[in-house]
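Everything below concerns the one structure shown next.
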2 protein chains.
Amino acid sequence: MAKRTTSGRVNQRLRTRKELLSAAARLVREGRTPSMDDVAEAAMVSRATAYRYFPSVEALLVEAPLDGAVPDADAVLGGKEALGPAERVDLAEASLHEMCVRNGAQLRLMLAASLERTARGEHGGVPVRQNRRTRLIEAALAPHRRRIGRERYGRLCAALALVFGVESMVVFEDVLGINDARAREIKRWMIDVLVRSSMEGSRR
Amino acid sequence: MAKRTTSGRVNQRLRTRKELLSAAARLVREGRTPSMDDVAEAAMVSRATAYRYFPSVEALLVEAPLDGAVPDADAVLGGKEALGPAERVDLAEASLHEMCVRNGAQLRLMLAASLERTARGEHGGVPVRQNRRTRLIEAALAPHRRRIGRERYGRLCAALALVFGVESMVVFEDVLGINDARAREIKRWMIDVLVRSSMEGSRR
DNA sequence: ACCATAATGCGACTTTTGTCTCATGTCAAG
DNA sequence: CTTGACATGAGACAAAAGTCGCATTATGGT
């Protein structure tokens, strides 16, 4: 089995696992929707072994490494403390946007898998979504947080979560047929409007 | 076969088709993720026949009737011409919101299916998404459209498309863990801010 | 270098999904 | 009432998705 992390042939297990994950990511990047068989073959591992590590392709996809740097709050916003809140949030969004464009296919498959689970009412299960965005949003707003009331802050974060991430990309591309650049423009405007409205003195 | 609509036993064909669709909708509403087999059995039809009408369960789900009234622009906004743009848009959103809550499971499955297709780059295929929301948004803004510039109007519609629909529900529930009522509050605020900003005289 | 054991590969088997053919029953036009 | 077209059901078939047991190989400790 491939369970205990403490003893045994830890090295070998880690290698196969990594091999499977990177193979899955590679196949998706090539535009395929790989089956477990495909991934196993690409990782030069037998099908049975693949199933020993992951119960399904979806489980594999969720853990598969994303292409390029996944935006890290510090890396993106470090040294930018002087910028205004809207600029900082937009900066964060820009980096997540780029990441989403690069990993479009994989993120779509991950989202699809999570939707199929939640459609059955499996909310009480294990991790539903990774939620990278909230951390990023909060980091961007951190220097200016004290200038926003508690209630307004929560509202703004939730609103921005709608603008960040895969789901907005899906709406822009699949529903509206809008390209990446235009999508960025619109999101930039939304961020500006939402953040400004949250900062203004006594507006509604 | 079940192809030609002109001659033959049109009546019977329509009945089976309808039976399949309603059976599928019913099963989903019961919280299941039905297979073609399940739907066929529920519709009291052989599996082969089910496949004669729909190539897959997904195709069935897409056409399956949604529970309750799917918001119609006229029904929701008729006689409300006196309201301001933000109020009208919010009214439209409220009706779509309610519909999304009622049909959560089915809409999620539909979204998941479309994501799996677009992940493969099948953009050039047939209908990607139904896009009920754009019609609703444009109808809500129609009475005030002349007060908004062309560029601003397009931007506003796209931004609102992010707030309307299933995707936002998914973000609120699955990513943020927010309940329906709170989600409505936040969307209401977003709509207000976005519409107002688009109407203001010379703001940015 | 050797050995016990853990990871792997292989192949058999089951279930699910989707296709195809053919016999059967039924509708509708004459 | 008869007949021919046509939708359906039943079952055979193939491919894909998982599972399982057992033989084989490689690894790490001695």
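Numbered from 1 within each chain, the chains take letters A, B, ... in sequence-line order.
Among residue pairs with one or both ends in residues 39-50 of chain A, those qualifying as side chain to side chain donor-acceptor pair (under 3.5 Å) are A/S46-A/T49, A/T49-A/R52; sequence neighbours excluded. Listed by first and then second residue, the salt bridge (Lys or Arg N to Asp or Glu O under 4.0 Å) pairs that reach into residues 93-104 of chain A are A/E93-A/R184, A/E93-A/K187, A/E98-A/R102, sequence neighbours excluded.
Between the CD atom of A/E138 and the CG atom of A/L160 there is a distance of 11.0 Å, given to the nearest 0.5 Å.
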Less than 3.5 Å apart, which donor and acceptor atoms pair up between the side chains of residues 139-148 of chain A and the rest of the protein, not counting sequence neighbours?
unit_1, atom_1, unit_2, atom_2, d
A/H144, NE2, A/L83, O, 3.3

Indicate every side-chain donor-acceptor pair of residues 63-80 of chain A with a distance under 3.5 Å to a residue at least two apart or in another chain.
unit_1, atom_1, unit_2, atom_2, d
A/E63, OE1, A/R17, NH2, 2.3
A/D72, OD2, A/D74, N, 3.4
A/D72, OD2, A/A75, N, 3.3

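Here C/dG9 presents its P atom at 15 Å from CZ of A/R13, a figure rounded to the nearest Å. Atom CD of B/E41 is separated from atom C1' of C/dT17 by 16 Å (rounded to the nearest Å). Between B/L20 atom CG and D/dG9 atom C1' the separation is 14 Å, expressed in whole Å. Atom CG of B/D38 is separated from atom P of C/dT16 by 9 Å (rounded to the nearest Å). Note: CE (A/M44) to P (D/dA26) measures 14 Å, nearest angstrom.
Side-chain N/O atoms of B/T49 include none lying less than 4.0 angstrom from OP1 or OP2 on D/dT8. Note on B/T16: every side-chain N or O is 4.0 Å or more away from OP1 and OP2 of D/dA7.
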Quick one, B/R108 with B/E167, criterion salt bridge (charged side-chain N to carboxylate O under 4.0 Å, His left out). Give me CA distance, side-chain angles, the key distance, then yes/no. CA-CA 9 Å; B/R108 279 164 194 269; B/E167 295 83 0; over 6 Å; no

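With A/V163 as reference, A/I191 is the one residue of A/I137, A/I191, A/I186 to meet the side-chain contact (heavy atoms from CB on, under 4.5 Å) rule.
Ion pairing between A/R188 and A/D192 fails under the 4.0 Å rule for side-chain N and carboxylate O.
Here the nucleotide nearest the side chain of A/R52, chosen from D/dG28, C/dT8, D/dG9, is C/dT8. For B/Y53, whose side chain is taken as the heavy atoms from C-beta onward, the closest listed nucleotide among D/dG9, D/dT27, D/dT8 is D/dT8.
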Nucleotide N/O to protein N/O under 3.5 Å, stretch nucleotides 23-25 of chain C:
unit_1, atom_1, unit_2, atom_2, d
C/dG25, N2, B/R9, NH2, 3.3

Under 3.5 Å, N/O pairs linking protein and nucleotides 12-19 of chain D:
unit_1, atom_1, unit_2, atom_2, d
D/dG18, N7, A/R47, NH1, 2.8
D/dG18, O6, A/R47, NH2, 3.2

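Positionally, the nearest nucleotide of DNA chain C for B/F54 lies more toward the 5' end than for the other of B/Q12 and B/F54.
Side-chain contact, B/T33 with A/R120: a donor N or O sits under 3.5 Å from an acceptor N or O.
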